[in-house]
Amino acid sequence: MQTATPEGAYALPDEHGHFGPYGGLFVAETLMQPLEELRQAYERYIHDPGFQAELDADLRHYVGRPSPIYLAERWSRELGGARIFLKREDLNHTGAHKINNTVGQALLARRMGKTRIIAETGAGQHGVATATVAARLGLECVVYMGAVDMARQEANVYRMRLLGAEVVAVESGSRTLKDALNEAMRDWVTHIDDTFYIIGTVAGPHPYPAMVREFQAVIGREAREQMQALSGRLPDALVACVGGGSNAIGLFHPFLADPDVALYGVEAAGEGLETGHHAAPLCAGRPGVLHGNRTYLMEDTDGQIIETHSISAGLDYPGVGPEHAWLKDSGRARYVAITDDEALDAFHALTRTEGIIPALESSHALAYAAKLAPTLGRERTILVNLSGRGDKDMHTVAAREGLCL
Amino acid sequence: MSRISDRFQTLRGAGRTALIPFVTAGDPDPGTTVPLMHAMVGAGADLIELGVPFSDPMADGPVIQRASERALAQGMSLHRCLDQVRAFRRDDAETPVVLMGYLNPIEVMGYDSFAEAAAEVGVDGALTVDLPPEEGHDLLEALRGRGLDSIYLLAPTSTGERIRRVCAAASGFVYYVSVKGVTGAAHLDLDSVRSHLDAIRAATDLPIGVGFGIKDAATAAAMGRLADAVIVGSAIVGRIEALQDRPAEVPAAAGAFLAELRRALGT
C-alpha cells in the first residue's frame, strides 16, 4: 500500500498488509470482501484532495489541532538530565489522541454510504471518541465494552450514552477489551451492508493497521515541525505507551527514517513481568494470530489467549499492532515495560510539578521518560506523547489510596 | 482419494444428502466427546466436524462461544482433541472427521507438527476459520503433504473471483456459510442460498455443505434439497448445553435430534 506520509524508503505494509511476518488478513471468509472494499475506499479517499481538506478542517476546528508541545521544565529539572517535552494530545477534544482516528474513519464511513458505526472500547476513550463523531454526523452508534471495563469506567459509559450511543456490555471471555473486539467483529459480520467498524488501534486485519496509523500520524508530523521550531532540532528520543499502539505509531511513524531519534514503546508491566500479571506481549509474549493479524500475543502453551493485567484499562490488551512487532524485531524501536506502581508515581509527579493530570496509560510513558532522562545530559531532549488526560482515572487512583469518590 | 472424497462419492451414488454435525470437543466434558461422536454416527451422521475450543472464537455466536468456554475450563486443548480423535478411530475407521477451529493453537503447535499429528490419529481435514487462502499457503502445503483435506468457507459476500480462489485451494468439500453472521444466526434466505450455490458449482466439482442457520428438521430438509451436505452446529450444541449437568444423557439426546434431521433429509 502507498502511504500518504513521506517516510522515505519505509514502505510497509506491503500490498497484502504484511509488516515482514506480521500483520496480514486473518479473518473468516464473510469479512474478506468487506475488508477489500474498505481498503479500496481508504486508498481512494486518502489521496482525494476533497477528503483531505475536510479531514484537515475537522482536525483544526473540531479536534483543536495542532496540539501544542510543552516543555516540562520543572519536572525535567527535578529529574536532572535531559529536557522532557510533552506532545499534548490530552488537550484534544474528548481528552485523548483517539479522536484523530475516529474523525478520519467516520468521514470515510460517510463517503462509503454507511449509516451505522460500531466500535470496541477498553478504557472508554475510543468509545467516547467514536460516539462523539457519530453524534456529530448523525450516525447510529453501538459501542462494545467488556463488563469488567464498564464497571471501572462508569463515567465514560455515561458519556457515551449522553452522546446517543448504545453501549453493549460484553459478558464473554475475560469481559475486557479483547472480548469487546470479538463482539464488535461479530456485529460487523452480521450487519455488513450498512455498518462501518471503527477499530480504535493499529491492530486488526489489513487495512486497519495502516489506516489508523495514517490518521494518527498527524501527531508525529506536527511534532517534527514543532520540535524543530522549539529546540532547533529533532528530539533525541520519543517515548509513548503501547497497548494496541496507536498513539505510539502516530508519533513514531514520521520519525522512522531519522536514525538519530531513538524510539521507546512502553508496555504495561502490571504487577511486574515476573508475576505473569501484565499486558506486555512485546516484552514477554510471542508471535501468534489474533483479531485478524499476526503479532506478539500473550498466550499459553496451547495457543489460548490469556488474561492481561494493567491498572490502565487502555493498555489491558493481550495483543499489539503488527507494526510494533516488526519495529521490535527490526530493532528500530525498543520496547520496555513499566509497572502499575511506577506509572502511578509518574502520574503524581507530573500532576504536582507541572499541574497536568495525565491518563494512566500516558503515565507509563512518563515513567519511562523519568528513568531515561537522568541517563542523558541536559542538552538532550525527550519527547513524550501525553496521549490522554487523567480525569477518567480519578476513581482508579483514589481507590489505590483507599479513597472512594 | 481421501476418506472425505470417498464418503461423498458413496453418498452421491446413493442419492443421499450428507448430514454433518458439529460439536465442540470437550463439551460438556472431555469424557463425553468420543461416546457422543459414536452416537451421532449411529444416528446418521456422515461426517463429523469436531470444534477445537479457542479462547476468542470471533466467528461464533453465543451458543458455541459458551461451549468453548466450558471445554477450556476443563483443560481442553488441541492436543487433547487429537487424543479424542485417536480414541474415536479405535471403533470407527470409516467416518471422516474434520477439525474446525481457529489458527492460533495450530500456529503454536507448528504447521508440520500439527499436520503430522492429525494424520497420525486419523483426522481427515481441517477447517481453520480465520485462515483465508491468501494467508494459508504454508498450512495448506503441510496438510496436503500428509494427505489431509483443507476445507474452506465461502460466504454470501464472496465474489466470483473469491469463489474461484477459495475453490482452487479447497479439497474434500467446501462449506457455504448461508447467512451474513455468526454461527447460530436466525434467518435463512433459501433463494439467496440457491443462487450462491449455483455460482459455486460453476467454479468447482467439490461437494458443497451448507451451514450456519440450520436449526431443525424443516430447515435441514429445505437446505438438503439444495446442497450436498447439511451442517448443523449450534442447534446440537444448544441441546448439549441444556444437559451440561447430566453429561451421560448427551450422546442419546444428540443422537435422537440427529435421527430426526436424518429422517427429514431422507435416508
Side-chain angles (χ1 to χ4, degrees), chain A residues 15-18 21 23-37 170-175 178-195 204-206 286-295 297-307 318-319, chain B residues 52-62 65-66 68-69 72 75-81 101-109 114 127-136 152-159 161-163 165-166 174-177 179-187 212:
Chain A
E15 60 183 315
H16 305 294
H18 293 138
L25 254 172
F26 295 87
V27 295
E29 174 63 23
T30 312
L31 288 177
M32 289 298 286
Q33 184 61 24
L35 284 163
E36 172 62 16
E37 285 166 15
V170 177
E171 300 283 357
S172 56
S174 61
R175 300 186 295 159
K178 80 174 176 72
D179 310 285
L181 214 152
N182 292 336
E183 207 56 38
M185 283 281 183
R186 292 175 187 127
D187 177 307
W188 196 31
V189 87
T190 309
H191 302 97
I192 208 88
D193 296 328
D194 68 346
T195 297
H206 183 59
R286 57 183 179 167
V289 171
L290 178 70
H291 291 155
N293 63 105
R294 183 180 282 116
T295 186
L297 298 176
M298 305 257 305
E299 60 182 7
D300 67 15
T301 53
D302 190 50
Q304 307 295 339
I305 307 306
I306 56 178
E307 290 189 24
Chain B
V52 182
F54 183 52
S55 53
D56 294 80
M58 261 187 352
D60 284 299
Q65 288 173 43
R66 289 196 297 267
S68 257
E69 288 183 15
L72 291 174
M76 276 304 294
S77 64
L78 178 53
H79 288 276
R80 291 187 72 182
C81 287
Y102 294 80
L103 182 59
N104 203 48
I106 297 175
E107 286 257 313
V108 168
M109 188 183 281
F114 168 70
L127 195 176
T128 311
V129 176
D130 54 350
L131 186 66
E134 285 85 342
E135 300 282 358
Y152 285 97
L153 301 176
L154 283 168
T157 52
S158 305
T159 58
E161 187 192 332
R162 286 207 57 76
I163 290 172
R165 183 193 294 250
V166 169
V174 294
Y175 184 140
Y176 179 67
V177 174
V179 296
K180 293 176 192 170
V182 292
T183 52
H187 46 284
F212 284 43

Seminar exercise, completed: When the 4.5 angstrom heavy-atom criterion is applied to Leu78(B) and chain A, the contacting part is both

Does any backbone or side-chain atom of [X] lie under 4.5 Å from a heavy atom of chain B? Answer side chain, backbone, both or neither.
{"X": "Ile192(A)", "answer": "side chain"}
{"X": "Leu297(A)", "answer": "side chain"}
{"X": "Pro34(A)", "answer": "side chain"}
{"X": "His191(A)", "answer": "neither"}
{"X": "Glu36(A)", "answer": "neither"}
{"X": "Glu171(A)", "answer": "neither"}
{"X": "Thr301(A)", "answer": "backbone"}
{"X": "Leu290(A)", "answer": "side chain"}
{"X": "Asp187(A)", "answer": "neither"}

Exercise. Does the distance from a Lys or Arg side-chain N to an Asp or Glu carboxylate O, for Lys180(B) and Asp193(A), drop under 4.0 Å?
Worked result: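 Here Lys180(B) pairs with Asp193(A) in a salt bridge, since their nearest N and O are under 4.0 Å apart.
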
Problem set entry | Gap separating the OG1 atom of Thr157(B) from the CG atom of Leu35(A), nearest 0.5 angstrom | 9.5 Å

Exercise. With a 4.5 Å heavy-atom cut-off, do Met185(A) and Leu31(A) have their side chains touching?
Worked result: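 In contact.
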
Exercise. Judged by modelled atom types alone, do His18(A) and Glu135(B) share a side-chain donor-acceptor pair under 3.5 Å?
Worked result: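 A donor-acceptor contact under 3.5 Å links the two side chains.
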
Exercise. Run the salt bridge (charged side-chain N to carboxylate O under 4.0 Å, His left out) check on Arg294(A) and Glu107(B) step by step: do they pass?
Worked result: CA-CA 10 Å; Arg294(A) 183 180 282 116; Glu107(B) 286 257 313; 2.6 Å; yes

Exercise. Should Ser172(A) and Asp179(A) be marked as a side chain to side chain donor-acceptor pair (under 3.5 Å) after you check the CA-CA gap, both sets of side-chain angles, and the distance that decides it?
Worked result: CA-CA 6 Å; Ser172(A) 56; Asp179(A) 310 285; 4.8 Å; no

Interface residue of largest heavy-atom contact number with chain A, from [options], under 4.5 Å:
{"options": "Val108(B), Leu72(B), Asn104(B)", "answer": "Asn104(B)"}
{"options": "Gly136(B), Pro57(B), Ser68(B), Ala59(B)", "answer": "Pro57(B)"}
{"options": "Ile106(B), Val177(B), Asp60(B), Val179(B)", "answer": "Asp60(B)"}

Problem set entry | Test log, rule salt bridge (charged side-chain N to carboxylate O under 4.0 Å, His left out), inputs Glu183(A) and Arg186(A) | CA-CA 5 Å; Glu183(A) 207 56 38; Arg186(A) 292 175 187 127; 2.6 Å; yes

For this session: Taking side chain to side chain contact (heavy atoms under 4.5 Å, CB included) as the test, write out the residues that go with Glu161(B), two or more places apart.
Result: Thr159(B), Arg164(B), Arg165(B)

Exercise. Can you name the residues that form a side chain to side chain contact (heavy atoms under 4.5 Å, CB included) with Val166(B), not counting sequence neighbours?
Worked result: Glu29(A), Pro133(B), Tyr152(B), Leu154(B), Arg162(B)

